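Please read all numbers here as calculations on a predicted model, not as lab measurements. Residue numbering restarts at 1 for every chain, and letters A, B, ... go by the order of the sequence lines. Every heavy atom of this structure was used, including side-chain atoms; hydrogens, water molecules and symmetry mates were not.
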Amino acid sequence: MDREPASGDLPPYLASLNPEQQAAVLHSGKPLLILAGAGSGKTRVITTKIAYLIREKGVDPRSILAVTFTNKAAREMAERARRIDERAGDAMLRTFHSFGAWFLRRNGSLGSLDSGFVIYDDDDTTALLSTIMEDAPKAEVKQMAQSISRAKDFFLSPDDPGLARINYREEFRAVYTQYEERLRRIGNVDFGDLIKKPVEILRGFPDAARRFRDRFRVILVDEYQDSNIAQFELLKELCGSETYVCVVGDDDQSIYRFRGAEVRNILEFPDRFPGTDIIRLERNYRSTAPILALASSVVDRNKDRLGKTLRAERGNGKTPVLAFLPDQDAEAAFCAELIENSARSGTKRENGVRAAYSDWAILYRTNAQSLGFETELLRRKIPYRVVGSLKFYEREEVKDALALLSFLINPRDEVAFRRVVNKPARGVGAATVDRIARAAAAFSEESAQAGGDLSTAARALLPELSAKAGAGITAFLGAIAAGALTLNVDKPDDIVASNGVIASNGVIAGNDVEPRNVSKRQRTKSREELRAGEGLSVCVVKLVQDAGIAGYHLAHDEIAGNQRIANLQELANAASLYPASREGLLEFLEHIELDRSAEEERKENSEDSVTLITLHNTKGLEFRRVIMTGIEQGVFPRDDKKGDDLEEERRLFYVGATRAMDELYLSSCAMRRMFGRTMPVEPSIFLREIDRASLRVIGSAPYEFASANRVSRSGKAGALEKKSEEGWQVGDRLFHDDYGYGGVAEIRESEEGPVVRVRFETGKELHFLSLHQSSRFMKVGDD
DNA sequence: TAGTTTTAAGTTTTT
DNA sequence: CTTAAAACTA
């Protein structure tokens, strides 16, 4: 009865929803908070709601703003909504940051920001800051950069009395002030500005605010539990009395506190938006009951939560497995073994289909852990893809190329200038660069026109410089100028520039012409149709060659050089998707800063492969079979996490476990290599918190786990300690990488420690020393 | 000042 | 162990 709603006349796309989902879609009139548990179909609710509003309520798609957490989620959401109703493609689906960039390109001038700004990433921010904190160690600069970023997350300006709670250091306020001043002069923005500045503009210019409220009548926010204070402020400014606002989230899945996310945003939403209706989605359609029970038993320990009761609609299933393993090599082998067995022929999915590699995901806490798995999977020829660790845009040569492009766009970009002006060495040393920077700064005090333009300043200084430095500067500026020539002169379709200001008639200029439309058209071309040398790539190739970046890397490092050239070529290929104009370049740079996942997308659809991914990156994803690895104290949870931080780690565990649809495996090692040294580690405290009934333990478990579902070993009392150390006794079954299954036939002491005689199923008999620490084999369950 | 060698430090998680 | 930062030499 609670399966199908009693409403007969609903269109199929609505009728197939459960009553709560349906209520959420049909809801109107008041603010709505949807508390959506893991796997409860929240994406479906949002996409359906968008389609429903357009189709049934006659809402103009262009007046709908849907905010997601990642660009990937935004794309997926757009696609799913479009599948229900094509017109949903006209709704604005973006991340908070990308929305902020869109906003500032149009309205930045209200906050004295030129529309041609470039977005600084953390690296650039740190580079700028290090020119302010001249002789501070880099670690200190980095920390300060982080503090500034955090301050912006909390919507704190340099003059805010509350700054101390971000960073208690005295100089923080002064550094923050200087940083803001420098960034303003350069004319660029950092990540935090993409949220903070729009709020300031909306507050300072009520007319602008009114226009935006008129435009966006419906605002939907996904993953609301991970929004920060500044984002909350932005949401508030965008919402007028007429705006329909709906936020969706799950307090148990809030995992970005470290980055400024504020769980209270979701907990206190009803207070901030009076009259809020709350709808709970508590039916889980993804995981089997034991998986859900396991996940819940851990997160249930948290104090600060709304609490919910997730019901597993799929019913019972395989009991999750916890494997205790000697070390990370054994862990990698364990994962590979599971995957190979299932893919080869062994286990089949419940519907009888052979498991695919893509059914599997290996989850870990830190990116560094992926390496061991990669090595093992490579060795066994199991196809895999690593999600998120692709640091393509962070590579030195790529950043060099991007700095050239940034400087081309914005000659005030001191960070970019400093990065590449003397690369390769052109005799332009630090002293010269400082002189130029000072001269440019002086300019901006005299005339707003020349304001901080480093090219102009450098040219003006030429007569005073040494012959060597002068020649270097000339060469560099020449390369930049030549690059600029490859861009088409700004035409009337110079949309960004013409849309820089809100038109006086009260309509946001550019409403009917999206600045992205040029490239949207181009992007629909398949990759194959595009050749290097087309579009923007001409500019990239020319700059990289003329400015000597390609030559520098080729000459500098013989081995890595060719790879670096290939990376630069790859960057040029990516640029070919954009028109060779100033706007195209701006768009290209913005895309790179805000959406670095594009490269992974291609692989995603290609080969059937195992997914290697950090726990954080799994948000919003699901897999049939999940292995959560490294469930050890110090790794997960990390170090001495306690209090709120520990609760966040618990939520991370919950997120990871609830990704699994059919099968869940946990692995915990006795030893782990850290900083090159192998160290003993304790099992994670989370393992102790798991409801033991929803777990099957295999491997050489520490004593406390060697009970319950495991056949316990009745050893001599005095051998207890030894058991947890060695964990072997006669009769134990094991699996060896090279020899297959076997059983322990005899244990005897020797000078080097216990020696174990193993009889394998092949009939082979071998002696091993110190079994526990070997990576070649592992204990398997008795059943 | 550029490029080398030596020493130290460090791994969360990301828009 | 790997990488980045400081120290040193040509």
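- Of the two residues near DNA chain B, A/Glu648 and A/Lys468, the one whose nearest nucleotide lies more 5' is A/Lys468.
- Residues satisfying the ring pair (Phe, Tyr, Trp, His ring centres under 6.0 Å) test with A/Phe191, not counting sequence neighbours, are A/His97.
- Atom-to-atom, CZ of A/Phe96 to C1' of B/dT14 comes out at 16 Å; the value is rounded to the nearest Å.
- Among the heavy atoms of the strands lying under 4.0 Å from A/Asn422 are primed sugar atoms or P, OP1, OP2 only; no base atom is included.
- A residue-by-residue look at A/Met674 and A/Ala430 shows that A/Ala430 has its nearest nucleotide of DNA chain B further toward the 5' end.
- Remark: A/Lys72 does not engage A/Glu76 in a salt bridge, criterion side-chain N to carboxylate O under 4.0 Å.
- Nucleic acid contact for A/Phe69: sugar-phosphate only, since backbone atoms but no base atoms lie under 4.0 Å from a heavy atom of the residue.
- Candidate nucleotides C/dA5, B/dT15, B/dT11 were compared by shortest atom distance to the side chain of A/Arg638, and B/dT11 ranks first.
- Taking only side-chain nitrogens and oxygens, A/Thr614 comes nearer than 4.0 Å to OP1 or OP2 of B/dT14.
- Look at OH on A/Tyr654: it is 19 Å from C1' on B/dT13, rounded to the nearest Å.
- Comparing B/dT11, B/dG3, B/dT15 against the side chain of A/Asp122 picks out B/dT15 as the nearest.
- For B/dT13, one of the phosphate oxygens OP1 or OP2 lies less than 4.0 angstrom from a side-chain nitrogen or oxygen of A/Asn367.
- You'll find that the side chain of A/Ala431 is closest to B/dT1, out of B/dT15, B/dT1, B/dT11.
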| task | Map every base of DNA chain B to its dot-bracket character, where paired means a Watson-Crick or G-U wobble contact with both distances under 3.5 Å and | marks a partner outside the strand. | result | ||||||||||.....
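- With sequence neighbours left out, the ring pair (Phe, Tyr, Trp, His ring centres under 6.0 Å) criterion links A/Phe686 to A/Phe636, A/Phe653.
- The salt bridge (charged side-chain N to carboxylate O under 4.0 Å, His left out) pairs that include a residue from residues 224-233 of chain A are A/Arg203-A/Glu233, A/Asp226-A/Lys619, A/Glu233-A/Lys236, where partners are two or more places apart or lie in different chains.
- Taking atom CD1 on A/Ile229 and atom C1' on B/dT15, their separation rounds to 17 Å, with Å as the unit.
- Nucleotide B/dT14 holds its C1' atom 17 Å from the CD atom of A/Gln253, rounded to whole Å.
- If you measure from atom NZ of A/Lys152 to atom P of B/dT14, you get 22 Å, rounded to the nearest angstrom.
- Rounded to a whole Å, the CD atom of A/Glu649 is 13 Å from the C1' atom of B/dT11.
- Contact check, A/Asn71 against B/dT15: no side-chain N or O comes under 4.0 Å of OP1 or OP2.
- With C/dA5, B/dT15, B/dT11 as the candidates, the nucleotide lying closest to the side chain of A/Thr70 is B/dT15.
- For A/Asp434, the salt bridge (Lys or Arg N to Asp or Glu O under 4.0 Å) criterion is met by A/Arg418, not counting sequence neighbours.
- Under 4.0 Å is where a charged nitrogen must lie from a carboxylate oxygen, and between A/Asp121 and A/Lys399 at least one such pair does.
- Atom OH of A/Tyr364 and atom P of B/dT13 are 10 Å apart (whole Å).
- The ring pair (Phe, Tyr, Trp, His ring centres under 6.0 Å) search around A/His616 returns A/Tyr256, A/Phe258, not counting sequence neighbours.
- Among B/dT14, B/dT13, B/dT15, the nucleotide with an atom closest to any side-chain atom of A/Asn617 is B/dT14.
- The distance from atom CD of A/Glu396 to atom P of C/dA4 is 9 Å, rounded to the nearest whole Å.
- Per the stacking criterion (ring centres < 5.5 Å, plane angle < 30°), A/Tyr256 does not stack onto the base of B/dT14.
- Looking only at atom types and distance, the side chain of A/Asp190 has no donor-acceptor partner in the side chain of A/Thr125 under 3.5 Å away.
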